Amino acid sequence: MTQMREPTFLILTSLAGGPRHGYGITQEVATLSAGRVSLLPGTLYTALDRLTAQRLVEPDREEVVDGRLRRYYRLTAAGLDALTVETGRLRQLATVAETRLRALRPRTA
Amino acid sequence: MSLAHQYRRLLLAYPRAYRRERGPEILGLLLDSAPPGRTRPTLREAADLVRGGLRCRLGRPASRTVGVWAVLTALICGLFTAALAARLAWETSRPQPDRAEFTAVFTEAFPGHRLSDDVSTAPALFVYYNQPLRLSQWRGLVLGDGGEYQEGSASGSASGPMPTPPDRTLTTAVRRLEADGWQVSEPTSTVLRTCDAASCRQAGEPVETVLVARRGDTVLRATFNDPDTYGSYLSVEVQRTTPPAVVPAAALAGLVGGALAWLAFGWASRRTDGRRGVPLLLGITLVLWWTPAVLATPSLVGHHLDEPHPSWHPLWEWLGQPALSLFFLVGLAGAATLSTIALVPRREPHPLTLSPG
């Protein structure tokens with residue numbers, strides 16, 4: 001699998017907490033990214049279609065609230081694996097960067 | 001118009017089947033996300049929905065390259081449509097100059113020079129071997145001689161010895177043409193390489209000087225040559241410029257053709273998802289369509305830079321047509337095959353189904 005883009009990583013992370021509908025995903029992504037990433041509906045559904053085609057995400061259930069249809073999505077086992085791998089990759093990169101920065105600080109101090 | 005109604009209009013960017021299945025869900029999200037008091041979609045929302053809808057029309061949601069293929073297809077189809085419209089719009093032009101008009105222009109520009117009797121005129125705006133193109137000539141047109149289809153012109157050459165020195169002839173021509181309302185471009189000179197031998201270089205290669213001028217819808221191109229090499233020291237060509245209707249007609253047709261090609265590509269892409277051989281056939285088709293354009297464009301750019309062009313060469317020549325029309329026709333057969341594959345009924349992809357977790 002190619003390297004995951006940040007919005008995809010955030011969508012999968014938001015679903016790791018349990019099934020969510022579109023509005024729930026956008027809210028959670030905004031929270032996870034401290035407001036830096038705001039997903040618009042067109043972008044979100046393009047990503048959800050792609051993740052569904054890649055079998056990383058699947059529909060969970062539907063409900064109607066105030067006359068508005070909400071469809072919930074959940075992570076599949078493959079989606080969980082992909083998120084785990086990507087998290088490990090980012091952690092490893094962050095660890096390397098932290099090590100370099102720690103080594104740099106005494107010299108620049 | 002309510003906000004929901006405006007969102008529904010933007011959702012028209014998505015294919016109908018997708019709208020039927022996911023429209024209420026996306027609309028729900030849009031309305032949930034809208035702050036109180038919003039009466040119309042923001043520009044960012046509108047652009048995002050249109051972009052998402054256009055991407056959705058291409059199908060193959062997991063593909064990262066389908067958009068590139070769609071752009072290449074829409075672009076070349078738009079260009080072909082524009083070229084066709086340009087050719088049709090050329091029919092608004094006056095006929096190519098006749099013998100009387102040519103003689104008048106020649107006499108006006110080159111007084112005292114004798115025009116030879118063999119003035120040739122074009123029987124049509126565009127000619128194939130100086131004859132109107134006929135359907136019976138399709139074989140030659142397709143199999144290598146397509147480059148002979150070009151704009152007609154009236155042409156002739158001076159006979160006898162040059163009555164005045166070349167520099168004076170050129171200066172007089174420029175002065176007289178400008179006085180008669182012609183816009184004259186700076187003459188260009190090129191040293192012709194007639195042979196590679198050292199003796200040729202010592203003797204001096206012939207120099208070709210070209211004078212180009214335009215008045216209204218007519219262009220004059222006078223070429224001063226070495227009479228020993230070319231039989232005449234001066235050849236003159238007069239033809240029509242691109243009519244004003246060509247550019248707007250081509251631009252409009254190009255946009256419409258490109259948009260329709262995008263929709264057709266999306267339709268075929270969605271209906272052929274998962275069918276083997278389709279990407280390969282599309283790749284071959286696009287190579288056949290793009291190759292002539294990629295080959296022709298640099299050569300025409302060089303040609304345009306080499307000498308003044310009051311009127312650009314027609315759009316189809318930039319697309320390598322009809323010089324390489326065989327490529328176009330084989331590509332067309334590829335596109336027709338792809339459309340036929342898309343037309344063959346298939347099991348619809350699974351609708352979005354819910355399964356208990």
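All of these numbers come straight from a predicted model, not from anything done at the bench. Letters A, B, ... are given to chains in the order of the sequence lines, protein chains preceding strands, and every chain is numbered from 1.
Using a 4.5 Å heavy-atom threshold, the side chains of B:Glu25 and A:Glu62 count as separate. Within the 4.5 Å cutoff, side-chain heavy atoms of B:Arg44 are placed close to those of A:Ser38.
Residue B:Tyr18 touches chain A through its side chain alone, counting heavy-atom pairs closer than 4.5 Å. The contact between A:Thr43 and chain B is made by backbone and side chain atoms together, counting heavy-atom distances below 4.5 Å. Of the atoms belonging to A:Thr26, it is side-chain heavy atoms, and not backbone ones, that fall under 4.5 Å from chain B.
Within a 6.0 Å radius of CZ in B:Arg40, no more than 12 heavy atoms belonging to other residues, nucleotides or ligands are found. In the displayed structure, B:Trp69 atom CH2 is contacted under 6.0 Å by at most 12 heavy atoms of other residues, nucleotides or ligands. By the neighbour-count criterion of 12 heavy atoms within 6.0 Å, atom CZ of B:Arg38 is densely surrounded, having more than that number from other residues, nucleotides or ligands. Enclosure of atom CG in A:Leu93 by more than 12 non-hydrogen atoms of other residues, nucleotides or ligands within 6.0 angstrom is indicated.
For the set A:Pro41, A:Gly22, A:Pro19, A:Gly24, the entry with the most heavy-atom pairs within less than 4.5 Å of chain B is A:Pro41. When each of B:Asp48, B:Leu10, B:Ile26 is scored by its heavy-atom pairs under 4.5 Å with chain A, the top score falls to B:Asp48. Here B:Leu31 is the residue among B:Leu31, B:Leu49, B:Val50 with the most heavy-atom pairs under 4.5 Å with chain A. Contact count versus chain B (heavy atoms, under 4.5 Å) is highest, among A:Leu40, A:Leu69, A:Thr76, A:Thr46, for A:Leu40.
Across all their heavy atoms, A:Tyr23 and B:Ser33 have their closest contact at CD1-OG, 3.6 Å.
Taking CG from B:Leu11 and OH from A:Tyr45, the interatomic distance works out to 10.5 Å, rounded to the nearest 0.5 Å. Here the straight-line distance linking atom OG of B:Ser63 with atom CZ of A:Arg50 works out to 11.0 Å at 0.5 Å rounding. The CD1 atom of A:Ile25 sits 9.0 Å away from the CG atom of B:Leu29 when rounded to the nearest 0.5 Å.
When the options B:Asp32, B:Leu27, B:Leu30 are evaluated for a side chain to side chain contact (heavy atoms under 4.5 Å, CB included) with A:Arg68, the one that passes is B:Asp32.
Using a cut-off of 4.0 Å between Lys/Arg side-chain N and Asp/Glu carboxylate O, B:Arg55 and A:Asp49 are scored as not salt-bridged.
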